[in-house]
Every structure is written in C-alpha cells, then in structure tokens.
Protein chains: 2
Amino acid sequence: MDSPVITPPPSTASQVHDWLRRRVQRGDLAPGARLSETEIANEIGTSRQPVREAFIRLAGDGLAEVRPQRGTYISKISVSAVLSARLIREAVESDLARMIATQRPARVLAAMREEIDHQRRADDRAEVEAFIESDDRFHRLLAAGAGHEAVWNDLERLKAQMNRLRHLSMRAFDRAHTIRQHVDILDALEAGDADAAERALRTHLRQMLTELPRIAVQKPEYFTE
Amino acid sequence: MDSPVITPPPSTASQVHDWLRRRVQRGDLAPGARLSETEIANEIGTSRQPVREAFIRLAGDGLAEVRPQRGTYISKISVSAVLSARLIREAVESDLARMIATQRPARVLAAMREEIDHQRRADDRAEVEAFIESDDRFHRLLAAGAGHEAVWNDLERLKAQMNRLRHLSMRAFDRAHTIRQHVDILDALEAGDADAAERALRTHLRQMLTELPRIAVQKPEYFTE
DNA sequence: GCGGCTTTACTTGTATGGAAGTATGGCTTA
DNA sequence: TAAGCCATACTTCCATACAAGTAAAGCCGC
C-alpha cells in the first residue's frame, strides 16, 4: 500500500519563487529587467523577507542576478550557456534514443505518437504554449522510455535557459518544421534503427544553432557573451 | 585592454554557503545530518538570517532539504540521482572525447598527460584530496579541449552528487585502476581513434556502476531510493 | 504498566528597523 | 560652460522580535 506523500504547505517564499520563475521562462519578465524586493512585497502584500528569499532561489536557478546594494536583475540569456546546454542535451538524448531503438517499448512509442498529434492540433490553432508543453513531453518520453526519467529532471536547469530562447523564437514555420523532425525521430525509433534515430535527433537539436544567431541579432539587448 | 572584473565583497550568507558546501562534498557533514540555523549562527557569531539564506542556497544545490518547522538536513545520496548524473556524464564526455580525437589539440593532450603524472604522485603518497582534484581537472580538460569549457560548469550540480560518493569509495585500488583507465583514454585520443576513445571513456565512467552497490550496502544509512 | 493529553523546548517562517553601499540629480564654484 | 562636490533616494544585507508548527518528554488517570 502506498503511503500518501505529505507535502508541507508552500511557504510564501516558494510561491513567489514559482511565480517569478514561470514569468521569466514565458518571457513575461524580459532579460535585463529590474526587480525590487520592496515593490513586489507591496504588490503581493507581504514583507520583503520572503520576496528576498525568492530572489535568492531564482539566482540559484541561474535566472536572476543579485547585485548587492545595486539591485536584482533578470539574467540575460548567455549565448555560451545556451550552446553548452544544447550540446549536453544532444549528447544525452542521443544515448537515450539508441536505448529506445533497441528496446522499442510499445507504450512509450504510442505516447510519443500521441504527442505528435497533439502538436499538430496546437500548431493549427497557433497555441504556442500548448505546443511547447507537448514538445517538452515528447522529449521527456525519450528519458522515460529508456527507463531514466530522473535524467530529465536533472536537465531542468539547463532547459530553463533554452526555454526562454524558444519562447522568443517560436514561429509557425518552426512548429511545422519541428513536427516533421519529431516524425523522423519516431519513425526511426519504431523501425529499431538506432543510427537513424541518433542522426534524426542530432539534426533536430542542431536546429537551435541556426535560430540562436537570428534571435541574437533581432534582440541583442536580451543576450550576453 | 581588459577592464578589471569588479567582484562585490562576499556576503556573510555566501561565505557560509561555500563553507557548508565544501564540508558536505568532502563528507565532513554526513548525509542525513541535521543542521540548525541558530546553532551555526551562534558558532560563527552572526544572526540567523545569513545562515538561513545559506541553507536555502544549499537546498538549491540539492545538498540539503529544509523541512518547515521541523529542521534542515543534509540530503542523503539518491541512488537514482547518481545513476542519472553518471549517464549524463557518460553521454556528454563521449561526445567531447570524439571531438578531441579528431582535433588532437597538442596543448590539451600534454596537459592531460601531466595530470596523469600528478595522479601517480598523489596515489603514491595516498593524498586522496589531491588525487580527486587532479581527476577533476583531467575530465575538465576534455571539455576545454573540445572548446566547450562552459559545459563543465553546467555539470557542476550533477558532479556534486557523484563527488560525495567518490569521497566515500576512494581506495588505493580504485586510484590505480582509475589511472590505468585515464591512460587508455589519453592513448586513444592521441592516436586520433575516436571509437577507441569513446569505448575507453564509457568503460571508465561505468566503473561507478560497480562501486555504487558496494558502498550502498556498506553505508545504507547514507542513501535513499 | 500503559494509553493519551499537556506542557515545553525546539524548529523554520515572516515582519520590521536600521546599516552600509550605490547611483543620480542638482548645486556650487571656478 | 563645465567640472566636482554633495545631498538624497534608492538598493540589498543583517539583526532582532515574534508567529506558528513540530516533537518529545513528562505527567496523569486508569
């Protein structure tokens, strides 16, 4: 019998932290934007302390920088950090794809097919947020299918950097292109062709290498390095 | 002309954080150990607030858990987290090794050879800490050689979990074995044989798969999952 | 002896005031 | 006009007090 998991009621600080993190990832808070303990505290009706602690956690996520006596700012998107994160994802997901190609777990492959359908619908309706979430689930299934779902959580911090970029760059063309590449990956996995799956996956993730410069030129004030 | 990089004086909170993190990684603070804001504050002569903020950062590193109204504890070593971290490292370093094998940057290869000498000396003198540090530098050179040193920083959080295990498991036999495997890797890199380098590296990192169960049985109270 | 309640000593969470550092705009002075 | 000083209005950091929840020891009644 499973024991129920007892979770303590979320503290003010952690709620503020979650709220800020979501806003940063969605691009609602722009890179370089200034935050103020006092201002947010007044806004939500608490003292400065919980807000301050939320800032510390946000800095721990790499999404903000606290400069003593000067102010707290949303981190700009570091080009080199994005490139590193991308390289890591490519390496890890390649290995995961090879594992799946040899095991071909039916339920996971079916779930991936379903996500692709989901992405088609989201694309038709131009629902950007839903598309991104399904895209995330598709890649998460790679880890789950290989029996290493925990890997995905470890990459959370890295993905945070890439997610901000994705919210900036997502266009209708990109979505259609992404779906085609997902199909290529899944076809190779279902065929049990590890080499083809790895190639398709690396191609897919290298897409970002062409998007990054485009966005960096378009919104240079959002980037560093 | 390079401008000097201005770093603000380290705050009390960040100093406490650094201190705690080092102690956790060296195994000085055992997994499951209890921490107290008040106790540490009195010990170092400050108020609870900076200590508390150091706890928050430590929790962000995945090295502690703050349980509201109950206490703060050093995280136990999560078996699944270690396995995930290992899998990620294997995937990433394999790719890095392949890059180096094709480029063969002379200075980096020489530096790696030097680190191996360093490791031999540390092994002779049974200097565990020095050995581990050199081991770290050896692997870091993989990233640097491939022109992606930033990757290594991104893996810092993952390595933190593995480092604690390494401090628990390090024996004279392991050190000698590690050195031999480092030589295998470097030989393959210098020969420009990407496949051999990848094989040697994966073999090396899979060593942990045999060490983990041994330690987990020996000190079960340090582990979860 | 033993189950259950109460007290008490802890824990972390939040509020608030002041200290110290930084940036900015305006004034002074040449 | 322009350079330099200075007051002022911020910022984060730290200290302190109090609030609220937890856990364990001890007492009480049976």
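Reminder, nothing fancy here: chain letters follow the sequence lines and each chain counts from 1.
Residue B:T38 has no polar side-chain atom (N or O) positioned under 4.0 Å from OP1 or OP2 of C:dC10. For D:dT11, one of the phosphate oxygens OP1 or OP2 lies less than 4.0 angstrom from a side-chain nitrogen or oxygen of A:S36. Taking side-chain N and O atoms only, B:T46 has no distance below 4.0 Å to OP1 or OP2 of D:dC14.
Atom CD in A:E39 sits roughly 12 Å away from atom C1' in D:dC10 (whole-Å rounding). To the nearest angstrom, P of C:dT11 lies 16 Å from CD of B:Q49. Atom CD of B:E37 is separated from atom C1' of D:dA15 by 14 Å (rounded to the nearest Å). When rounded to the nearest whole Å, the span between CD of B:E53 and P of D:dC14 equals 7 Å. For B:R67 and C:dT12, the CZ to C1' distance is 13 Å, given to the nearest whole Å. If you take CD1 of B:I6 and P of C:dT22, they are 10 Å apart, rounded to a whole angstrom. Between the C1' atom of C:dT12 and the CG atom of B:L58 lies a distance of 16 Å, rounded to the nearest Å. Remark: P of D:dC10 and CG of A:L35 are 17 Å apart, rounded to the nearest angstrom.
Comparing A:P50 and B:P9 along DNA chain C, the residue whose closest nucleotide (by nearest heavy atom) sits nearer the 5' end is A:P50.
Looking at B:H204 and B:E93, their side chains never bring a donor and an acceptor atom within 3.5 Å of each other.
When each of D:dT12, C:dT12, D:dC13 is scored by its nearest atom to the side-chain atoms of B:S11, the top-ranked nucleotide is D:dC13. The A:S47 side chain lies nearest to C:dA15 when the options are C:dA15, D:dT11, C:dT11. Ranking C:dT12, D:dT16, D:dC13 by closeness to the B:F55 side chain, first place goes to C:dT12.
At a threshold of 4.0 Å, the pair B:R166-B:D136 counts as salt-bridged, since one of the basic side-chain nitrogens sits closer than that to a carboxylate oxygen.
Classified by interplanar angle (parallel below 30°, tilted 30° to 60°, perpendicular above 60°), the ring pair B:H139/B:H182 is perpendicular.
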Report the C-alpha distance between A:R52 and B:E53 in whole Å, list the side-chain angles of each, state the deciding distance to 0.1 Å, and finish with yes or no for salt bridge (Lys or Arg N to Asp or Glu O under 4.0 Å).
CA-CA 9 Å; A:R52 170 178 174 73; B:E53 295 180 1; 2.7 Å; yes

Criterion salt bridge (Lys or Arg N to Asp or Glu O under 4.0 Å) on A:D95 and B:R202, from CA distance to verdict:
CA-CA 12 Å; A:D95 270 18; B:R202 289 189 186 264; 2.8 Å; yes

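Between the base of C:dG18 and the side chain of A:R48 there is a donor-acceptor pair shorter than 3.5 Å. The base of C:dT11 has none of its N or O atoms less than 3.5 Å from a complementary donor or acceptor on the side chain of B:Q69.
Across all strands shown, B:I56 has no heavy atoms under 4.0 Å from either base or sugar-phosphate atoms.
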